[in-house]
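To start, the structure under review is shown below, and the notes come after it.
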Amino acid sequence: MSTINLIAIDGPAASGKSTLAELIAKNLDYFFFDTGVMYRAVTLAALAQINDLDDETKVTEVANRIQIDVQAASKQDGRVMDILVDGKDVTWQIRTPEVDFNVSKVSAYAGVRKAMTEQQRRIGERGNMVMVGRDIGTVVFPDAKHKIYLEASPEERARRRFVEVQNRGESTTYEEILASIRKRDEVDSSRAVAPLKPADDAYVIDSDDKAIDIVLKEVLQILGKSVP
Ligand code: DC
């Protein structure tokens with residue numbers, strides 16, 4: 001078992017990983033780091049800098065060239081942290097449907113994953129961190145002290161995402177969201193490098209019939225922390 005105090009939380013898109021990780025981090029006074037933002041930042045930069053995202057070599061060059069920084073939130077506009085690419089604030093640009101649509105392709109490239117994995121390891125070495133992603137417990141930190149794999153059915157995840165999107169006043173249908181989640185699941189789980197799957201020693205939680213506070217209590221108990 002590692003001496004690095006790192007809690008790895010993996011799972012499919014919209015399974016509630018980030019919400020759970022934020023709550024754990026708050027309870028333990030740990031740093032919360034969502035690695036999905038890095039793949040989103042590479043996708044955003046690639047969309048801006050090259051015209052063909054099917055060109056793996058060029059996308060990998062972008063991943064190696066750009067400087068991604070994560071800092072404490074500088075504004076109170078709903079953000080959890082600031083995401084900077086080459087010094088520019090891209091916190092909200094990385095959440096557009098265009099990035100959503102292309103990010104699975106970009107994150108399947110081996111060279112992109114190598115570059116991001118190296119950066120994530122360097123950040124994680126600081127310890128006292130809840131790190132969220134798809135491959136944290138399997139590849140990035142296989143010796144993490146604690147590993148949680150949070151899953152939920154595609155229908156339940158689409159339902160939750162639909163409520164969020166409606167609350168933001170955006171016009172998408174439940175069916176569109178469900179189709180997009182299914183597609184991302186398929187790409188994320190079937191890629192050759194670091195596919196989405198639970199680590200052998202991960203604690204798997206199915207959150208279909210569980211509210212987030214129940215899941216939080218369960219996790220804090222696993223971590224041996226007192227439950228609020
Ligand atoms: O969690 P998210 O939706 O922000 O992740 C965006 C994409 O990045 C998703 O398609 C999977 C990918 N990703 C990954 O491959 N490995 C990670 N550690 C985190 C995210």
Side-chain angles (χ1 to χ4, degrees), residues 6-22 25 32-47 53 56 59-60 62-63 66 68 70 78-83 85 90-124 129-142 144 147-152 154 157-158 160-162 164-165 172 177-199 202 207:
L6 191 126
I7 302 166
I9 305 198
D10 292 303
S15 61
K17 307 179 296 286
S18 296
T19 310
L20 174 66
E22 264 183 79
F32 159 66
F33 181 48
D34 175 6
T35 59
V37 303
M38 298 188 108
Y39 292 97
R40 288 175 175 274
V42 174
T43 305
L44 182 73
L47 283 166
L53 263 51
E56 181 168 352
V59 176
T60 303
V62 172
I66 61 170
I68 305 169
V70 181
R79 67 183 61 197
V80 180
M81 47 195 174
D82 284 5
I83 317 299
V85 171
V90 296
T91 309
W92 293 118
Q93 280 105 301
I94 62 168
R95 302 282 167 195
T96 60
E98 196 185 13
V99 172
D100 270 352
F101 186 77
N102 289 289
V103 67
S104 284
K105 177 192 286 184
V106 168
S107 60
Y109 292 150
V112 172
R113 300 207 69 82
K114 185 170 178 288
M116 297 303 112
T117 299
E118 278 166 15
Q119 297 207 32
Q120 288 157 21
R121 287 191 178 137
R122 207 189 51 241
I123 293 167
M129 186 167 298
V130 188
M131 195 177 272
V132 177
R134 302 290 192 287
D135 61 340
I136 309 305
T138 50
V139 174
V140 183
F141 283 102
K147 298 179 190 179
I148 310 289
Y149 188 88
L150 188 61
E151 58 186 9
R157 287 182 280 134
R160 291 179 195 161
R161 192 45 63 89
F162 182 54
E164 267 171 44
V165 169
T172 327
I177 294 177
L178 180 60
S180 153
I181 280 180
R182 286 214 165 107
K183 181 182 160 265
R184 279 174 64 189
D185 282 359
E186 157 81 29
V187 179
D188 291 346
S189 325
S190 61
R191 67 183 175 218
V193 189
L196 170 69
K197 62 170 186 192
S207 74

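Whatever order the structure lists them in is the order used to number ligands and atoms, beginning at 1.
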Of the protein's non-hydrogen atoms, which lies at the shortest distance from [atom], and what is that distance?
{"atom": "atom 7 (C) of ligand 1", "result": "V103 CG2, 3.6 Å"}
{"atom": "atom 1 (O) of ligand 1", "result": "R134 NH1, 2.9 Å"}
{"atom": "atom 8 (O) of ligand 1", "result": "Y39 CB, 3.6 Å"}
{"atom": "atom 19 (C) of ligand 1", "result": "T35 OG1, 3.4 Å"}
{"atom": "atom 12 (C) of ligand 1", "result": "S107 OG, 3.5 Å"}

- Item | Smallest separation among heavy atoms of D34 and M81, with atom names | N-CE, 3.7 Å
- Scanning both residues in full, the closest heavy-atom pair of P12 with Y149 reads CD-OH, 4.0 Å
- Note on the structure: Short version for R40: what comes under 4.0 Å of ligand 1, heavy atoms counted, is side chain
- Item | CA sep, side-chain torsions, deciding dist, call: I66, V42, side-chain contact (heavy atoms from CB on, under 4.5 Å) | CA-CA 8 Å; I66 61 170; V42 174; 4.2 Å; yes
Taking only heavy atoms of [X] into account, list the atoms of ligand 1 that are under 4.0 Å away from them.
{"X": "R184", "result": "2 (P), 3 (O), 5 (O), 6 (C), 9 (C), 10 (O)"}
{"X": "G133", "result": "17 (C), 18 (N), 19 (C)"}
{"X": "D188", "result": "9 (C), 10 (O), 11 (C)"}
{"X": "G36", "result": "4 (O), 5 (O), 19 (C), 20 (C)"}

I'd like to know if the side chain of [X] pairs up with that of [Y] as donor and acceptor (distance under 3.5 Å, no hydrogens or angles considered).
{"X": "R157", "Y": "S15", "result": "no"}
{"X": "R160", "Y": "S207", "result": "yes"}
{"X": "N102", "Y": "T43", "result": "no"}

- Partner of F32 under side chain to side chain contact (heavy atoms under 4.5 Å, CB included), picked from V70, V132, I7, is V132
- Task: Return yes when R191 approaches ligand 1 closer than 4.0 angstrom through a heavy atom, no otherwise.
- Result: yes
- Message: Yes or no: does A13 have any heavy atom under 4.0 Å from an atom of ligand 1?
- Response: no
- Kindly indicate whether a cation-pi arrangement holds for K114 with Y109, taking the cut-offs as under 6.0 Å to the six-membered ring centre and within 45° of the axis. no
- Options K17, M38, R113, ranked by nearest heavy atom to atom 15 (O) of ligand 1, top entry: R113
- Query: Among V99, D135, D34, which one has a heavy atom closest to atom 18 (N) of ligand 1?
  - Reply: D135
- Message: I need the T35 OG1 to I123 CD1 distance, nearest 0.5 Å.
- Response: 9.5 Å
